[in-house]
Structures are given as C-alpha cells and as structure tokens.
Amino acid sequence: MLKLISATPSPYARKVRIVLAEKGIPFELITEVPWNSMTKTPLHNPLEKLPVLILEDGSSVYESHYILEYIEAKFPEKPLLSEDIDERLFAKKVEVVADGMCDALVLSFFENQRDQPSEEWKTRPMRKVDGGFEALAEWVGDKHFIVGGKFGLADVAAGSVCGYCDVRFAEYPWRKTYPKLAKYVDKLAARQSFKDTVPAGQKISDKIG
Ligand SMILES: N[C@@H](CCC(=O)N[C@@H](CS(=O)(=O)O)C(=O)NCC(=O)O)C(=O)O
C-alpha cells in the first residue's frame, strides 16, 4: 500500500491527501513533525521535506506538485486535470501561485517565532500572500470551480492555501477582502476530502533558527 508522510498543518501534504481521497486511492497516513530531530522524512527525501509519497517498492516521490503529477499520471481515473492543454497549464499556474503563497506564509510563520523577528522578513512574504489572494480572487470570480467548470487541481491548491491561512493566520482578512473567494472556499470545504483533512497546528519540540 502507498504511504504518505504528512504533518497536521501542512498545506502541501493536504493537497496530496485531498487528491488521494478524491481518486479513492488507499494509503497509509504517517504523521510527522519534520522539524524534530526524530523525523523519518530525511530517509525518504534528500531535501528533508514532507509530503513524501512512499511507493510499494519503497522508493519515494516528493515535492507536492510533483507528487500530484505522479498520481495523475499513474492513477488517471477520476482525472483532476482537463483534457485541454491550455486548461491543464492554467491549473498548474494556479498551483504555482497557491504553493508560492504557502511558501510565503510558512516563511512568515517561522520569522514570527524568532526572538527578534525582522520587519522586512515579516512584511515581504506577506506582500506575496496579498498578491496571491488577489490573483486567486480574480481567477475564481463567481465560479464554483476555477478551471473547466469541474473540480480539479486548481481547486485543490487554492482550497488548501486558503484553509492553511485560516488556521495559521486567522487574523489575515482575506475573507473580508474577497467575499466571493470565501464563498467558493467554503463550498470546497464541504467536500468529504476537505472535511477529512482540515489542517491543525503541531507542537515543534526542537528549536528552529
Ligand atoms: N515545496 C515543498 C514544500 C514542503 C514543505 O515546506 N514542507 C515542510 C512542512 S509544512 O510546512 O508543509 O508543514 C517541511 O517539511 N519542512 C521541513 C524542512 O523544510 O526542513 C512541497 O510543495 O512539497
């Protein structure tokens, strides 16, 4: 059986968990704290990051966007990418922005943990988050799904970063600024794959930075 190394807050791992659930692919969930010295993540990813998909032969697939590409290629049933090449490429562009927002949020989260956070390293990432939300709101508009009128990769990525922001940056006013985006995300959140993967904080015992 496939195994997925994940962490409770991880928006990247959540994308993979949602896709595996939507495609009905069984897997064993291994929940880790990648920042703690006891983590097994480095044994399966030289970059020491989760999510990591561990295949039945023990080999591993890592980097969430690549894991999703792997899953779509190996498990094409219930496709989450359109047949139309331009729609496929656009969905991946949405994922690039959503993942970039996650990167900025994670950076800002850890900067805020420092004894003396740098103002520049707090504000600069949040400018990227602001820009990302503006782009997502533009792409969603009044739609139920971002690409091709059906649930797909772009919705997985957009829903995951918005859900992460709600948990880690509850004070960030994206819902007030973009009510249509909030309505779209709340509709996604009603899907069983989203209900079963709501992010939660984790205790990091090792000091970072
Ligand atoms: N680009 C990667 C980012 C993954 C990532 O940053 N994972 C974090 C955990 S979490 O932020 O997703 O919860 C990690 O493993 N960090 C450990 C490290 O960077 O050494 C992806 O898309 O998979």
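Hydrogens, waters and symmetry mates are skipped; everything else that's a heavy atom, side chains included, is used. Just so you know, ligand 1 is whichever comes first in the structure, and atom 1 is the first atom listed for that ligand.
- Comment: E63 does not engage K49 in a salt bridge, judged by the lack of any side-chain N to carboxylate O separation of less than 4.0 angstrom.
- For atom 1 (N) of ligand 1, the closest heavy atom belonging to the protein is E63 OE1, 2.8 Å.
- Ion pairing of K3 with E56 is absent here, as no side-chain N (NZ or NE/NH1/NH2) approaches a carboxylate O to less than 4.0 Å.
- Looking only at protein heavy atoms, the nearest one to atom 16 (N) of ligand 1 is W35 CZ2, 3.3 Å.
- An N or O contact shorter than 3.5 Å is missing between H65 and ligand 1 by distance.
- The ligand atoms of ligand 1 that sit less than 4.0 angstrom from a heavy atom of S10 are 10 (S), 12 (O), 13 (O).
- We find that D155 and K15 are not joined by a salt bridge, their nearest charged nitrogen and carboxylate oxygen being 4.0 Å or further apart.
- Between K183 and D142 no salt bridge is recorded (no basic side-chain N to carboxylate O distance below 4.0 Å).
- A salt bridge does not link E95 to K92: none of the charged nitrogens lies less than 4.0 Å from a carboxylate oxygen.
- For Q202, no nitrogen or oxygen atom sits less than 3.5 Å from a nitrogen or oxygen atom of ligand 1, counting backbone and side chain alike.
- Here atom 21 (C) of ligand 1 lies nearest to S64 when heavy atoms of C102, S6, S64 are compared.
- At the top of the distance list for atom 20 (O) of ligand 1, counting protein heavy atoms only, stands E48 O, 3.4 Å.
- Residue, atom and distance of the protein heavy atom nearest to atom 8 (C) of ligand 1 are L50 O, 3.9 Å.
- Other residues, nucleotides and ligands place more than 12 heavy atoms under 6.0 Å from the CD atom of Q192.
- Rounding to the nearest 0.5 Å places OH of Y62 at 5.5 Å from CG of N45.
- Salt bridge D103/K128: absent, no basic N to carboxylate O contact under 4.0 Å.
- Looking at ligand 1, you won't find any N or O of D99 less than 3.5 Å from one of its N or O atoms.
- Contacts with ligand 1 closer than 4.0 Å are made by no heavy atom of Y62, backbone or side chain.
- L81 CG to E69 CD: the interatomic distance, rounded to the nearest 0.5 Å, is 8.5 Å.
- Interface atoms of ligand 1 facing P34, defined by a heavy-atom separation under 4.0 Å, are 9 (C), 14 (C), 15 (O), 17 (C).
- For atom 6 (O) of ligand 1, the nearest non-hydrogen atom of the protein is Y12 CE1, 3.7 Å.
- Counting atoms of ligand 1 from 1 in the listed order, those under 4.0 Å from a heavy atom of P51 are 23 (O).
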